[in-house]
Amino acid sequence: MKTSIEIKELSKHYETKQAVNNVSFTIADGELIALLGMNGAGKTTLINMLSCVTSPTGGDALLLGKSIVAEPDQVKKLIAVSPQETAVAPNLTVRENLELLAGLYGFDKRTIKQKTDRMIKQFSLKPYEKQRSKTLSGGWKRKLSIAMALISDPKVLFLDEPTLGLDVLARRELWAVIEKLKETTTIILTTHYLEEAESLSDRICIMKDGQIKASGTVTQLKEQAGMTTFEDAFVKLVKDGDQ
Ligand SMILES: Nc1ncnc2c1ncn2[C@@H]1O[C@H](COP(=O)(O)OP(=O)(O)OP(=O)(O)O)[C@@H](O)[C@H]1O
């Protein structure tokens, strides 16, 4: 299987804190990886380094062969980030938000319209296209935010807590959207919802104190922990080694 992301001894040291500590990990093309861990485990710092928001203090990572240290501009062309805080402009309509972002990527007028139409169709946004985005529900705002992240056809997509605060139905709908993206895009997702990681991911990476504590499929992690439910396995793996 083709490698999409190769993380090599990646570290981030803040003045008083080793936020990410010597992480190595390989992600295959089209894989969906869920990053789990308690607050402060280092998930956001890891994603920020991979998406070239923060530079590492040690190690490197290659995204489709491009180095986040030596070629951040090249890496940025391959990726998109859908942050925790939705990045939509509240006073613009759904269509205007998508067109604005496509414009920022420098596409010509015809391409902007084509791409916007495609996203509106793919995310079933047609009934809302003329609505100001501040009037959308949380679920639809999140969908729009992911549609905006996808307008540049990224090879790698980072989703930071994509369903935070959504109700069960909105969450399920978003899961269906993410499930479909898996066919074409490598996805790294952070979440605190264990059932989300369980239902969506090909593999799960559990972080603690800046390191990867365990990784594998849900079945592998349950076996490793000797537990029958994923929640019990997660708790055991996170607590393992604590006093
Ligand atoms: N700019 C910064 N300066 C100093 N310390 C930082 C900075 N950013 C993060 N940290 C520290 O690094 C550690 C890892 O933080 P990070 O945000 O990556 O964790 P996280 O796993 O994403 O947590 P959460 O689930 O709460 O979002 C934490 O102890 C945090 O306080």
Side-chain angles (χ1 to χ4, degrees), residues 5-27 31-63 68-69 72 75-76 79-88 138 141-142 145-146 149 156-166 171 174-175 178 186-216 218 221 225 230-243:
I5 303 177
E6 194 181 351
I7 304 173
K8 301 191 286 191
E9 297 172 3
L10 200 61
S11 293
K12 178 74 183 182
H13 188 82
Y14 291 113
E15 257 171 42
T16 54
K17 180 86 197 171
Q18 187 76 40
V20 171
N21 189 0
N22 211 22
V23 164
S24 296
F25 196 67
T26 302
I27 300 171
E31 228 185 342
L32 191 150
I33 298 289
L35 272 185
L36 296 181
M38 309 306 283
N39 294 125
K43 305 178 296 292
T44 306
T45 307
L46 180 59
I47 284 196
N48 283 348
M49 287 193 283
L50 295 178
S51 54
C52 303
V53 174
T54 322
S55 44
T57 48
D60 198 356
L62 303 180
L63 279 81
I68 59 166
V69 176
V75 171
K76 283 181 196 165
I79 63 167
V81 184
S82 179
Q84 238 173 61
E85 292 297 317
T86 53
V88 300
K141 247 185 232 165
R142 207 66 179 93
S145 158
I146 296 176
V156 178
L157 176 67
F158 296 97
L159 293 173
D160 199 3
E161 302 202 36
T163 64
L164 184 72
L166 299 188
R171 175 171 303 154
L174 213 53
W175 285 2
I178 295 169
T186 304
I187 301 173
I188 302 187
L189 164 157
T190 69
T191 183
H192 284 290
Y193 300 117
L194 299 184
E195 76 279 16
E196 180 159 297
E198 223 180 330
S199 133
L200 284 178
S201 59
D202 298 306
R203 280 188 300 154
I204 290 172
C205 218
I206 299 176
M207 289 190 74
K208 185 181 179 187
D209 297 333
Q211 294 184 313
I212 295 179
K213 198 76 202 280
S215 65
V218 172
L221 292 172
F230 181 61
E231 187 169 331
D232 287 340
F234 173 75
V235 171
K236 172 118 192 282
L237 291 167
V238 165
K239 282 192 165 170
D240 214 17
D242 285 354
Q243 297 303 313

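Please read these numbers as outputs of a predicted model, since none were measured by experiment. Values reported hereafter were calculated over all heavy atoms of this structure, with side chains retained and with hydrogens, waters and symmetry mates removed. Ligands are counted one by one from 1 in listed order, and the atoms in each one are counted from 1 as well.
Counting heavy-atom neighbours within 6.0 Å of E195 CD, excluding the residue itself, gives a total above 12.
Looking at K12, its side chain never comes within 3.5 Å of a backbone N or O of K17 through a donor-acceptor pair.
For G42, the closest heavy-atom approach to ligand 1 falls below 4.0 Å.
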Let's go through D209 and N21 carefully: what are the C-alpha distance in whole Å and the side-chain angles of both, what is the deciding distance for side-chain contact (heavy atoms from CB on, under 4.5 Å) to 0.1 Å, and is it a yes or a no?
CA-CA 8 Å; D209 297 333; N21 189 0; over 6 Å; no
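Judged purely by distance below 3.5 Å, without hydrogens or angles, the side chains of S82 and S145 pair a donor atom with an acceptor atom. Between the side chains of T190 and D160, a donor-acceptor pair is found at a separation under 3.5 Å.
Between T45, N48, D209, it is T45 that holds the heavy atom closest to atom 16 (P) of ligand 1. Compare N39, T44, L36, D160 by their heavy atoms: the one nearest to atom 22 (O) of ligand 1 is in T44. Checking K43, K17, E15 against atom 20 (P) of ligand 1, the nearest heavy atom belongs to K43.
The H192 neighbourhood of ligand 1 comprises atoms 25 (O), with distances under 4.0 Å to a heavy atom of that residue. When each atom of ligand 1 is checked for a heavy atom of A41 under 4.0 Å away, the hits are 19 (O), 20 (P), 21 (O).
Residue A19 places no N or O, backbone or side chain, under 3.5 Å from any N or O of ligand 1.
Scanning all heavy atoms of the two residues, the minimum distance from M49 to I68 falls at O-CD1, 3.5 Å.
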